[in-house]
Structures are given as C-alpha cells and as structure tokens.
Amino acid sequence: MGTAEPQVATEAQNPDSQSQVTDGFQLVIDALKLNGLTTIYGLPGIPITDLTRRAQAAGLRVLSFRHEQNAGYAASIAGFLTQKPGICLTVSAPGFLNGLNALAHATVNCFPMILISGSSEREIVDLQQGDYEEMDQLAIAKPLAKAAFRVLNAEDIGVGVARAIRAAVSGRPGGVYLDLPAKLFAQTMDSAVAKNTLIKVVDPAPRQIPAPEAVKRALDLLRTAKKPLIILGKGAAYAQVDSEIRSLIEGTGIPYLPMSMAKGLLPDTHEQCASAARSYVLPQADVVMLIGARLNWLLSHGKGKTWGGKSHKDWGGQKFIQVDISPQEADSNVRVDAPVVGDIGSCVSAFLSEIKSGWAKPPAEWLSAINEKKTANVAKMAETLAKNPSPMNFHSALNVVRDIVRANPDAMLVNEGANALDFTRSIVDVYKPRKRIDVGTWGIMGIGMGYCIAAAVVTKQQVIAIEGDSAFGFSGMEVETLCRYGLPVCIIVMNNNGIYKGTDIDTTGGLAPTVFVKNARYDKLMEAFGGVGVNATTPAELRKGMEEAIRSRKPTLINAVIDEAAGTESGRITSLNPSAKKK
Ligand SMILES: Cc1ncc(C[n+]2csc(CCOP(=O)(O)OP(=O)(O)O)c2C)c(N)n1
Ligand SMILES: [Mg+2]
C-alpha cells in the first residue's frame, strides 16, 4: 500500500493533540461512519473501552448493554430491519464468546451483522503464553460466521471494514467477525495518508437478476397448478419490496402463507392469507412457490405428514418453485422443480412483468375450500378467545394483545417463549411489514430484550414484547438498559411459573427442572430501575396496563398471571422432543 509503517502512539504523539496524526481507534470510527454505520451495540472493557467513548464523542450512537449476547441480538435484528450490518462490539475472549451466539444466530437467520471484538496480543496468543483473555478468536468465529477477518495494521482498517460490510450484506446476508487486536488501536498514522486508506463501499448488496429462462420455467409450472400456494419467508420481508410482493399475490390471486417474520408483509387479515387454514393448504397444494423461505424444519422439510406424505419422510407430491438468493438452497430437502436464483426484489419484478399480460386466477374450488376452512377455524378461535377464565390463560391474555396491536399497527412486536410464542403467532395479527420479530430459525430463547432495544432505536416506534417467563429470564437484566435509555418498550411476561407450564412435579421430592418460583413478580424488576411495573391478573388489568404504556411511552413490564397448567410441553413442537414420545 506504500503507507508509512504503523507506530505505537506515545505520550508525545497523543493523537488528540496532533491534528495531522490519527490512530487505530479513530480509523475504525471513520471507516464505520464513512459507510453509514452509526450505531454500535456493545459492552466496554479492555481493549475497546476507549473505542466506545471516542465513537460516542464522534457522533455515533453507542448503546451499552449488560451482556454481550443481548447486544449481539440487537445488532442482528438491526441488520434485518435496516439491510445494513448491525455492529456489535465486545471485549476479548469471554465478551467475544458471549457475542458469538448472536453472530451464529445472524448467520443462520441470514441477518447482516458484524461482530467486532478486541483481542489480545497475537504473538502471545499464538505461542499460547497465557495473555490476559487469551483466545484465538478468529479461528473460533470462522465456522459460525459467513466470513471472518483480522486487521493487524492501522493502514488495513479501511479494507477490513469494507470486506466485513460486503460479506455481511451481499448475496445471502449473514454474520461477519472482525478481529481487532489491542495493539491496533494505538497505532498512529499520518491523517492524510490514513484517510486515503478508507473505503466507502459502493453497491454493497448488488442486485442479482434471475435468468429469464428460470423465471419462465417457474411461471409455466405455476400456470399448471390447480391448487397453487405461495409461502413468504423472512427473506421476502428482509428484501423491502413490499408493494411488489403485494402486487404478485394480488395479481395472481394465489393464496399465501406467511412464515412468522413475514407476517404483515400483507395484513394477516388479507382475504388471500391462508394462515388460518395452514394444516389444510400444505397437504392439499399441488404447486408451491417459496419466496425467501427455506424448506427447513419450520416447514417440516417440505415432506412428511404436514405435506400429505404417508410417513414423516414421505413426500407429499407437491412441485416446488423456490425463489432464493442462494443457488445452493434448492433441493436441500426435496426436489425443487423450478429454482429461481436472484435477489427477491429482482425475481418478483421479473414475475410481475411476465404476468402483467394476464394471469388466470386459481380455480374457484380451491379458493372456496380454503375459505371454508378459514371461516370454521376463525369462528372456533373467536369462541376460545371470548372466554374469560380465571386465572387468565394464553388465549384470554392474547385476545387483549391482539386488540392493542390492531389499534397500534405501527408498533413492533417482539415474541419469544414456547406456548407464549406459538399462541401469539397464531392469535395476534400483524398488519405491516417487518413488525414481528421473533426467535427465528433456531427457536432461540434470549433474543427478547436485545430485539426490543434495537427495534425501539431503529424504528422509534412503540415496542410490545410478548415473553414467556422462561424466555424473558435469558435477557431480563436488560430492563436496566431500557430504563437507562428511556425506550418505549412494553414487556408482557406471560407468567405461567415455568418452562412450558408450572405444574411439573419431581417424583423424588426435589424441584422439577421446568418450574420456577411460584407467583414471581417480574414487574418489580422494572420498578427497580425506574420503569413502570404492573401486575395483571385479568384481561382488563392487562389492557389498562398496555394502553397506559403506549400512552406514556415509558418502559413498562406487565406481569401477566397465566394459569400455570395452561401450556403444553414444547408448545407446538412436542413431536420433536425425544422424551415426549416415550410418555
Ligand atoms: C437458548 C435456548 N435455550 C433453551 C431452549 C429450550 N426452550 C425452548 S422454549 C423454552 C422456554 C419456554 O418457556 P416460557 O418461555 O416460559 O414459555 P411458555 O411455554 O411457558 O409460555 C426453552 C427453555 C431454547 N429454545 N433456546
Ligand atoms: Mg412459561
């Protein structure tokens, strides 16, 4: 590169006092800023404490968390919501490992994120001489990240950040690790020379136009369908081509199912939404177009009884069209007859220009059969929701949440738990794109408070979090963070005294592994930090608490007392639980 040898800063060369000299700290900040990355989700300590201070002084928004995992989840969902990599900043070894879970989560969920961790001195780490927080972080991050880089010299910070950004957002997005050893930060460089090493990334996520023959093959197949179905995945939500997707759905008249984070791409109340007839449409459909949705466990791998197969490995006989940015996705589980590889926006636009010359709506029998199922299921659900048992159950509590979300369609909905997750997904309608964020591909517990913080900061909207009491515990300490930054987050802890339910008994006389302290008051946790705590034992109390939280925009935690016998083991996925089969 022909730049000066990096030097270590000394007192005499204090970068703050000599305007012509810059240092590694400043270059990291400049590189992020140059690329519009202005929010850092992190937790200070050696060697990045000054980086957090100086980033804040330089105008970046630095959100300081109580645990790196939560900062990491925040960064990951910020990436999903903004299409820019969310930045998580941690200290070395233990801080890095705490952030790593979120990095892996970002990669698995295809969220763009960069985990930046300080690390110890390379020479000592490589000779394993026992440095402070010694760990070969790059090697550990690699298998869990889409890409991983280390920067040793200040002159390479610009390239390192640029490569991290491109890797995170191009093609199928994912988590990227950027290793910054302690020594890097204090290295100084001539400011003018340093400035020239920075890179503003041009077109970080280039469009990928699908091949015309692939588009034609897909539409030819879709035209043959008697019972077509479209499945929208979170990739379709990520793409931010909401009106095009709506035009495709409405232009073809094909019924659709949204995966959980694609809910609201079109309002869940849309007449073509088949969610209320899911168990009917999956086995019945003959041609299924997947848009940004993978045939993983969440869709029963595209086979088995869910799809009308005789046993759990049998194909149901559907033909699949798969629209995905990754050419490797097709045939992952079952045969895909028409793969369409490209970015979702370009693919949907290509479909739209082909169908504008005319498209025959699906056969009326298919549509009316679905409608019949929907009507019956919706009526059955309405009956259940109208009940007012004491203590509350998931339905009577979520009936309130459903009303409040309907009245506040711009609010962000965060959701985790088992029963608390499954019931919310099916009961609470979502009306706008990217409003529902949840446990994602892994069904991971712990995303809750990190997601709430990022959602509030990124969207500035009210956030409503529906949390199982177990799920909440994974990130509960971040209520202090919520209070510190004064974020408009209303957490509802669906408190059924345990994991799945609170009624398990240990026959040997100990405590069952799934139960918690009875009648715990999670609302007091919020009060401890100056937020609003509410204990709600009835739907009316819950409603009042939620309405007040939304009106005041104060951090609020409502302890919703739910019948401890109300849940089922593992919620809807009991069948995946090996011990449950034995029972
Ligand atoms: C990181 C992580 N650890 C453990 C689990 C296993 N797990 C699935 S759901 C769940 C908690 C369910 O209890 P709760 O959040 O109270 O929801 P409920 O069913 O009681 O409404 C747990 C521990 C997981 N999914 N992720
Ligand atoms: Mg629970």
Side-chain angles (χ1 to χ4, degrees), residues 67-70 72-73 76-77 97-109 144 260 296-298 389 391-401 413-428 437-452 465-479 491-504 511-523 525 536-537 542 557-580:
H67 191 292
E68 292 88 350
Q69 186 170 301
N70 306 318
Y73 287 143
S76 75
I77 206 67
L97 286 173
N98 285 346
L100 198 57
N101 200 322
L103 187 74
H105 167 77
T107 304
V108 164
N109 283 274
L144 301 173
S260 73
N296 56 21
W297 73 278
L298 288 159
M392 285 193 285
N393 61 11
F394 287 98
H395 291 89
S396 62
L398 288 169
N399 189 37
V400 172
V401 177
L413 183 66
V414 173
N415 191 199
E416 60 177 336
N419 296 279
L421 176 86
D422 293 336
F423 286 122
T424 304
R425 188 178 53 235
S426 60
I427 293 169
V428 178
I437 48 182
D438 65 28
V439 297
T441 310
W442 269 345
I444 205 165
M445 297 299 113
I447 49 92
M449 296 306 105
Y451 275 23
C452 285
I466 309 300
E467 300 273 315
D469 52 333
S470 165
F472 172 72
F474 286 73
S475 66
M477 193 62 212
E478 301 294 345
V479 294
I491 305 157
I492 291 108
V493 174
M494 305 291 258
N495 189 357
N496 62 352
N497 293 345
I499 299 175
Y500 315 133
K501 53 187 172 191
T503 49
D504 260 18
L511 278 170
T514 53
V515 302
F516 298 150
V517 165
K518 303 272 182 213
N519 309 316
R521 292 286 302 273
Y522 291 94
D523 49 313
L525 269 176
T537 58
L542 176 58
L557 194 156
I558 304 176
N559 182 56
V561 180
I562 304 289
D563 182 355
E564 64 172 6
T568 55
E569 177 120 344
S570 306
R572 294 255 169 96
I573 51 174
T574 310
S575 63
L576 299 181
N577 198 346
S579 74

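As the structure lists them, so they are numbered: ligands from 1, and atoms in each ligand from 1. If you're wondering where the values come from, they're calculated on a predicted model, not measured in any experiment.
- Of the listed options E416, H105, M445, M445 places a heavy atom closest to atom 24 (C) of ligand 1.
- Close N/O approach between D469 and ligand 1 is found [any backbone or side-chain N/O within under 3.5 Å].
- Under 2.8 Å from the Mg ion (ligand 2) lies an N/O/S atom of G498, whether from backbone or side chain.
- Here's the thing with M494: none of its N/O atoms is less than 3.5 angstrom from an N/O atom of ligand 1.
- Inclusion of A418 in the set of residues having an N or O under 3.5 Å from an N or O of ligand 1 is warranted.
- For atom 14 (P) of ligand 1, the closest non-hydrogen atom of the protein is S470 CB, 3.5 Å.
- Nearest protein neighbour of atom 18 (P) of ligand 1, counting heavy atoms only, is N419 N, 3.7 Å.
- For N419, every N, O or S atom stays at 2.8 Å or more from the Mg ion (ligand 2).
- When only non-hydrogen protein atoms are considered, atom 21 (O) of ligand 1 lies nearest to A420 N, 3.0 Å.
- Separation of atoms CG (N101) and CD1 (I444) is listed at 4.5 Å; rounding is to 0.5 Å.
- Ranking the protein heavy atoms by distance from atom 15 (O) of ligand 1 puts A471 N, 2.9 Å first.
- Without hydrogens or angle criteria, N419 side chain to Y500 main chain gives a donor-acceptor distance under 3.5 Å.
- Distance remark: protein heavy atom not present below 4.0 angstrom from atom 6 (C) of ligand 1.
- Within the structure, ligand 1 lacks G473 among the residues with a heavy atom less than 4.0 angstrom away.
- At least one heavy atom of G443 sits less than 4.0 Å from an atom of ligand 1.
- The shortest heavy-atom distance from F474 to ligand 1 is under 4.0 Å.
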